[in-house]
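Below, all heavy atoms of this structure are taken into account, side chains as well, without hydrogens, waters or symmetry copies. Please read all numbers here as calculations on a predicted model, not as lab measurements.
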Amino acid sequence: MNSCPCGSGKAYGDCCEPIISGAQLAQTAEQLMRARYSAHVVAQMDFIFESVHPDHRKGYDHKGTKEWAENSEWLGLEIIGAQEGGPEDETGQVEFIAHYRDGGVTHDHHECALFKRKDGVWLFTDGARVRPKPLIVEKIGRNDPCKCGSGIKYKKCCGK
């Protein structure tokens, strides 16, 4: 594997592999998030389990998670943004979208993941799915100025 599955543009051996193998620690919450995605791609479930905060490991299904990871086609990771989670922080949040195909169906898992340091090590604590924002349709009256900026009434412009 040449390029890292996390989408950083770096080689896997210079990016997530040292974190997954334990040769180095993630310096930021985002680095840990990227390594966790890459661990799903290469089915390194021990890393997935060990990178979860001990207070949040209850109910983890090692076998089921491994089967799911191996049977999914991983299409890419998109980091939307991060709050805190830097080298000097104790907590952080990373919003991401993991794109994958499972059973022939493409999925976009959009989540805000929470991270916390324990003894200087970044660990995943919890995540919340991000739901699409509702579409807000602004009602335009027939005699209102057209929203296109023409200065003409809506009924004589775009409302035809």
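Taking each heavy atom of R117 and G86 in turn, the nearest pair found is NH2-O, 3.4 Å. Counting all heavy atoms, side chain and backbone alike, M45 lies closest to A39 at CE-O, 3.7 Å. Here the closest heavy-atom approach between residue L32 and residue W122 is recorded as CD2-O, 3.2 Å. Taking every heavy atom of both residues into account, Q93 and C112 meet most closely at NE2-SG, 3.7 Å. For the residue pair I19 and A35, the shortest heavy atom distance occurs at CG2-CB, 3.7 Å. Closest non-hydrogen pair, E50 versus R57, comes out as O-NH2, 3.1 Å.
Side chain of Q27 to main chain of L25: a donor-acceptor pair is present (N/O by atom type, distance under 3.5 Å, no hydrogens or angles). The backbone N or O of H109 sits nowhere less than 3.5 Å from a side-chain atom of H107 that would complete a donor-acceptor pair. Side chain of T125 to backbone of L114: a donor-acceptor contact under 3.5 angstrom is found.
Following chains of ILVMFWY side-chain contacts shorter than 4.5 Å, one can reach L77 starting from W68, so the two form part of one hydrophobic cluster. Clustering ILVMFWY residues whenever any of their side-chain heavy atoms sit less than 4.5 angstrom apart, transitively, puts F124 in the very cluster that holds V94. No single ILVMFWY cluster, assembled from side-chain heavy atoms under 4.5 Å apart, contains both I48 and F115.
Looking at R131 and H110, their side chains never come closer than 4.5 Å, going by heavy atoms from C-beta outward.
Aromatic ring orientation, W74 versus H40: tilted (interplanar angle from 30° to 60°).
Note: D108 CG to I97 CD1 = 6.5 Å, rounded to the nearest 0.5 Å. Distance check, rounded to the nearest 0.5 Å: OH of Y37 to OG of S8 gives 12.0 Å. Atoms CZ and NE2, from F49 and H62 in turn, are 8.5 Å apart once rounded to the nearest 0.5 Å.
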